Amino acid sequence: MNAPRHYLQFKDFTRAEYDYLFARTRWIKEKFKRYEPHHPLFDRTLVMIFEKASTRTRLSFEAGMQQLGGSAIYLNTRDSQLGRGEPVEDAAQVISRMSDIVMIRTFEQSIIERFAEYSRVPVINGLTNEFHPCQILADIFTFIEHRGSIQGKTVAWVGDGNNMCNTWLQAAELLDFKVHVSTPPGYEFCPELAGVQGSDHFVSFADPMDACRGADLVTTDVWTSMGFEAENDERMRDFADWRVDADMMQVASPDALFMHCLPAHRGEEVTAEVIDGPQSVVWDEAENRLHAQKALMEFLMIGKVEND
């Protein structure tokens with residue numbers, strides 16, 4: 001039995017594989033929009049394991065698997081033996097014998113890595129504290145859809161040096177674009193944690209306006225991610241100057257896009273004027289989670305497929 005291919009970090013795939021996935025996502029989306037069935041995963045089963053709450057991740061994976069002809073099973077750690085102390089390694093061996101692919105949304109990256117080590121089927125990272133590869137996969141596809149290749153472009157990340165920021169850094173190194181990062185003091189990203197080799201593809205800015213200057217894409221996230229709720233009041237104060245507003249978009253490239261992985265809090269990390277404005281593509285971005293993840297699941301289980 002060949003070892004399964006997993007998707008735990010953005011850097012798990014090559015640039016050529018991403019070129020294929022972006023092209024395949026476009027084909028799958030166009031087919032979906034024409035109401036043409038596409039069932040390459042008929043009779044296959046996806047197990048979705050959630051330790052963190054979700055709207056878009058559950059909906060996009062569950063709907064996506066059904067649209068590909070398969071079925072999806074939802075497991076919450078509160079309602080399963082995983083929440084009662086069953087070793088991750090044991091759960092991986094059992095679950096992977098009863099399914100064809102597994103998606104996990106959890107806290108520490110080490111949990112999903114331990115699960116993948118003992119899984120007989122592909123494992124997808126639906127989000128961890130450290131990385132969010134499926135979201136960046138959809139975000140970059142959305143950029144390509146609207147503006148063409150992201151190679152050589154500049155992405156401004158404004159806000160927390162979190163899992164989204166880490167994943168953007170990995171993507172920049174792999175796909176050859178630049179990330180301008182601006183975080184409040186004390187919330188900086190860690191290049192070693194992100195797994196990036198050097199600073200050729202990212203620059204840090206103390207002032208978020210400078211990070212946005214000339215950017216082709218401005219993007220952000222909530223100020224208080226899941227698991228950090230106890231810090232909420234402190235974060236509201238610390239991040240006050242890192243709200244993406246019209247002034248920041250004004251100094252970006254004239255055709256710059258705005259993205260947000262959602263859910264968003266208008267008036268906190270972004271103004272309503274920006275997220276609901278003409279440069280925002282957040283709804284396309286959210287929908288594209290569905291199509292990009294369909295291409296991803298198909299690729300992990302079947303491999304490359306020629307568009308017909």
Side-chain angles (χ1 to χ4, degrees), residues 6-13 18 21-22 25 48-62 64 102-113 115-116 122-143 150 155-175 177 179 181 183 187-191 193-196 201-202 217-228 258-265 269-270 281-282 284-297 300:
H6 304 302
Y7 191 56
L8 309 183
Q9 301 183 35
F10 196 90
K11 66 179 183 179
D12 285 345
F13 290 168
Y18 279 112
L21 280 173
F22 295 138
T25 299
M48 306 179 297
I49 301 172
F50 285 87
E51 192 171 15
K52 284 189 174 187
S54 168
T55 300
R56 279 150 293 276
T57 296
R58 178 178 178 181
L59 180 59
S60 58
F61 270 106
E62 190 165 339
V102 178
M103 185 282 298
I104 302 176
R105 184 178 172 96
T106 186
F107 288 91
E108 292 81 14
Q109 182 75 11
S110 60
I111 294 174
I112 198 168
E113 289 175 352
F115 191 103
V123 176
I124 296 172
N125 181 353
L127 176 143
T128 62
N129 288 346
E130 293 85 352
F131 301 107
H132 199 356
C134 289
Q135 183 65 57
I136 303 304
L137 177 68
D139 289 1
I140 294 175
F141 173 75
T142 304
F143 184 89
I150 199 169
V155 175
W157 175 262
V158 178
D160 195 7
N162 61 10
N163 52 3
M164 287 286 291
C165 181
N166 290 338
T167 310
W168 271 115
L169 295 177
Q170 286 193 356
E173 189 168 81
L174 192 62
L175 302 181
F177 60 90
V179 182
V181 181
T183 65
Y187 299 92
E188 296 86 357
F189 67 94
C190 175
L193 175 60
V196 292
H201 293 92
F202 66 85
L217 168 63
V218 178
T219 184
T220 190
D221 194 3
V222 296
W223 288 345
T224 306
S225 297
M226 283 179 287
F228 297 90
F258 173 77
M259 292 188 193
H260 190 307
C261 60
L262 304 177
H265 301 103
E269 72 275 4
V270 61
V281 291
V282 297
D284 290 341
E285 177 189 6
E287 179 191 343
N288 284 336
R289 282 286 300 276
L290 171 69
H291 308 300
Q293 289 165 185
K294 285 191 286 187
L296 173 65
M297 290 190 288
L300 288 173

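Bear in mind that the values here come from a model prediction, so they are computed numbers and not experimental data.
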Thr167 side chain to His132 backbone, donor-acceptor under 3.5 Å: yes
Minimum-distance pair of heavy atoms, taken over all atoms of Phe189 and Cys165: CB-SG, 3.9 Å
Audit row: Ile140, Phe22, side chain to side chain contact (heavy atoms under 4.5 Å, CB included) steps and yes/no: CA-CA 8 Å; Ile140 294 175; Phe22 295 138; 3.5 Å; yes
Nearest-0.5 Å distance, CZ of residue Arg105 to SG of residue Cys134: 10.0 Å
Leu174 side, atom CG; His201 side, atom NE2 - distance, nearest 0.5 Å: 9.5 Å
Working for side chain to side chain contact (heavy atoms under 4.5 Å, CB included), residues Phe131 and Leu8: CA-CA 8 Å; Phe131 301 107; Leu8 309 183; over 6 Å; no
Minimum heavy-atom distance Ala138-Ala292, with the two atoms named: CA-CB, 4.1 Å
Stepwise side chain to side chain contact (heavy atoms under 4.5 Å, CB included) check, Phe61 with Leu290: CA-CA 7 Å; Phe61 270 106; Leu290 171 69; over 6 Å; no
Any Trp168 side-chain heavy atom under 4.5 Å of Thr219 side chain: yes
pair Ile124-Ile104: side-chain heavy atoms closer than 4.5 Å: no
Asn288-Thr142 side chain donor-acceptor pair, cut-off 3.5 Å: yes
Plane angle bin for Phe13 and Tyr18 - parallel if under 30°, tilted between 30 and 60°, otherwise perpendicular: tilted
Arg289 side chain near Gln135 side chain, heavy-atom distance below 4.5 Å: yes
Non-hydrogen side-chain atoms of Asn162 and Thr183 separated by less than 4.5 Å: no
Side-chain donor or acceptor of His6 paired with backbone N/O of Pro122 under 3.5 Å: no
Side-chain donor or acceptor of Asp12 paired with backbone N/O of Gln9 under 3.5 Å: yes
Nearest atoms (heavy-atom pairs only) where Ala194 meets Leu169: CB-CD1, 4.1 Å
Donor-acceptor side-chain pairing of Asn166 and Gln170 below 3.5 angstrom: no
Between CG on residue Asn125 and CE on residue Met103, distance to nearest 0.5 Å: 9.5 Å
Close side-chain approach of Met259 to Phe143, heavy-atom, < 4.5 Å: yes
Exercise: identify the closest heavy-atom pair between Val222 and Pro263: CG1-O, 3.1 Å
Verdict with reasoning, Ile112 to Gln109, per side chain to side chain contact (heavy atoms under 4.5 Å, CB included): CA-CA 6 Å; Ile112 198 168; Gln109 182 75 11; 3.9 Å; yes
Intermediate values then yes/no, side-chain hydrogen bond (donor to acceptor under 3.5 Å, both in side chains), His260 and Glu269: CA-CA 10 Å; His260 190 307; Glu269 72 275 4; 2.8 Å; yes
Under 3.5 Å: donor-acceptor pair, side chain of Glu287, backbone of Val282: no
Euclidean distance, Leu137 CG relative to Gln293 CD, rounded to 0.5 Å: 7.5 Å
N/O donor-acceptor pair under 3.5 Å between Thr57 side chain and Ser54 backbone: no
Heavy-atom closest pair, residues Leu21 and Ala295: CD2-O, 3.6 Å
Whether Thr220 side chain and Val158 backbone form a donor-acceptor pair below 3.5 Å: yes
Rounded distance (nearest 0.5 Å) linking atom OG1 of Thr106 with atom CG of Asn129: 8.0 Å
Any donor-acceptor N/O pair, Asn163 side chain to Glu130 backbone, under 3.5 Å: no
Spatial distance of atom CZ (Phe50) from atom CE (Met48) [nearest 0.5 Å]: 5.0 Å
Under 3.5 Å donor-acceptor, Glu108 side chain and Thr128 backbone: no
Heavy-atom side-chain contact between Phe177 and Phe202 under 4.5 Å: no
Side chain to side chain, Phe258 and Val281, heavy atoms closer than 4.5 Å: no
Student check: side-chain heavy atoms of Trp157 and Asp221 closer than 4.5 Å: yes
